[in-house]
Amino acid sequence: MKDTSTSCTVVGALIVTIMFTVAFTVPGGNDQNTGFPLFSNKILFKIFMISDAISLFSSTTSVLMFLGILTSRYAEDDFLKSLPNKLIIGLSCLFLSIATMMITFSAALSIMFHGQVWIVVPVIFLACAPVILFMWMQFPPLCQMIMSTYGPSIFDRKAKNWLYVTSN
């Protein structure tokens, strides 16, 4: 859990840094007179900004959850609920952050190469690859952790017996 939290904290911190920077360096630049982004009226720009904000906030949440794990006192009771909850929230927010980061990238690319579908479509499909790869590797352990945290408790014999009786 500690090694996972350390690795995910680094990834989350990198995403926070990138998405914070992207919010101020918008595609197309700003109008010199008003200071507003040139593409602010386009729907793709709104998708760009909303997905950037979601990615920034969810990666910040994931970093805070992983730091909560790293700074935990590691008491016996923490391993039953507190630490798994933090890891589940952290990984879920990191999934969301990576997915919305790729949406941000795809929207920016679509803005910059408007009308050039032969460039945009293949790159958007390639942008989906890291999201799918990360989910493929991390989603099964996340599901297992959710089941072991929120499923029938190993200490609750009635729940175990009830599951056994209903399944037979």
Side-chain angles (χ1 to χ4, degrees), residues 1-29 37-72 78-152:
M1 188 176 285
K2 199 171 186 177
D3 291 340
T4 301
S5 295
T6 302
S7 300
C8 290
T9 300
V10 171
V11 172
L14 287 172
I15 294 173
V16 168
T17 305
I18 291 166
M19 300 320 287
F20 185 80
T21 305
V22 165
F24 295 105
T25 53
V26 295
L38 293 174
F39 295 121
S40 62
N41 293 329
K42 294 187 178 268
I43 189 72
L44 282 173
F45 184 78
K46 291 174 184 169
I47 292 170
F48 169 82
M49 289 307 293
I50 290 169
S51 61
D52 179 66
I54 292 171
S55 183
L56 177 67
F57 299 145
S58 61
S59 60
T60 303
T61 302
S62 73
V63 167
L64 291 174
M65 289 296 112
F66 293 128
L67 286 176
I69 292 171
L70 293 172
T71 58
S72 176
D78 291 345
F79 284 97
L80 291 176
K81 287 287 182 189
S82 175
L83 292 175
N85 283 338
K86 288 177 184 175
L87 192 59
I88 289 167
I89 293 169
L91 281 175
S92 299
C93 287
L94 194 58
F95 285 149
L96 180 63
S97 175
I98 291 170
T100 52
M101 179 178 64
M102 289 302 136
I103 292 170
T104 303
F105 171 75
S106 299
L109 193 71
S110 297
I111 291 170
M112 300 310 291
F113 289 106
H114 184 70
Q116 298 179 350
V117 178
W118 64 275
I119 294 174
V120 175
V121 172
V123 175
I124 288 175
F125 280 120
L126 287 173
C128 293
V131 176
I132 293 168
L133 183 64
F134 185 73
M135 288 191 72
W136 179 65
M137 291 182 339
Q138 295 297 326
F139 194 69
L142 178 64
C143 288
Q144 188 178 24
M145 194 173 317
I146 290 170
M147 287 303 297
S148 66
T149 303
Y150 301 116

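All heavy atoms count here, side chains included; hydrogens, waters and symmetry mates do not.
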>> Run the ring-ring contact (aromatic ring centres under 6.0 Å, His included) test against Phe24 and tell me which residues pass, sequence neighbours left out.
In response: Phe20

Residues 62-69, side-chain donor-acceptor partners within the protein, below 3.5 Å, at least two apart:
| from | atom 1 | to | atom 2 | distance (Å) |
| --- | --- | --- | --- | --- |
| Ser62 | OG | Ser59 | O | 2.8 |

> Once you round to the nearest 0.5 Å, how far does CG of Leu83 lie from NZ of Lys2?
Replying inline: 11.0 Å

> Would you say Phe125 and Val121 make side-chain contact, with heavy atoms under 4.5 Å?
Replying inline: yes

> With sequence neighbours left out, what residues match Lys46 under side-chain contact (heavy atoms from CB on, under 4.5 Å)?
Replying inline: none

>> One pair to check against side chain to side chain contact (heavy atoms under 4.5 Å, CB included): Ile15 and Leu94. What are the steps and the verdict?
In response: CA-CA 9 Å; Ile15 294 173; Leu94 194 58; 4.2 Å; yes

Scan the side chains in residues 101-108 for donor-acceptor partners under 3.5 Å anywhere in the protein, sequence neighbours excluded, and list what turns up.
| from | atom 1 | to | atom 2 | distance (Å) |
| --- | --- | --- | --- | --- |
| Thr104 | OG1 | Ser51 | OG | 2.8 |
| Thr104 | OG1 | Asp52 | N | 3.1 |
| Thr104 | OG1 | Thr100 | O | 2.9 |
| Ser106 | OG | Met102 | O | 2.9 |

> Which residues pass the side chain to side chain donor-acceptor pair (under 3.5 Å) test with Ser55, sequence neighbours left out?
Replying inline: Ser97

>> The criterion is side-chain contact (heavy atoms from CB on, under 4.5 Å); which residues satisfy it with Ile146, sequence neighbours excluded?
In response: Ile88, Leu142, Tyr150

>> What's the separation between atom CG in Asn85 and atom CE in Met145, rounded to the nearest 0.5 Å?
In response: 10.5 Å

>> For the CD1 atom of Ile98 and the CD1 atom of Ile132, what is their distance to the nearest 0.5 Å?
In response: 12.5 Å

> Tell me the side-chain hydrogen bond (donor to acceptor under 3.5 Å, both in side chains) pairs involving residues 115-141, sequence neighbours left out?
Replying inline: none

> Do any pairs count as a side-chain hydrogen bond (donor to acceptor under 3.5 Å, both in side chains) and have a residue in residues 3-18, sequence neighbours left out, and if so which ones?
Replying inline: none

>> Measuring from atom OG of Ser110 to atom NZ of Lys42, what distance do you get when rounded to the nearest 0.5 angstrom?
In response: 11.5 Å

> Under the ring-ring contact (aromatic ring centres under 6.0 Å, His included) test, which residues partner Phe134, sequence neighbours left out?
Replying inline: Phe95

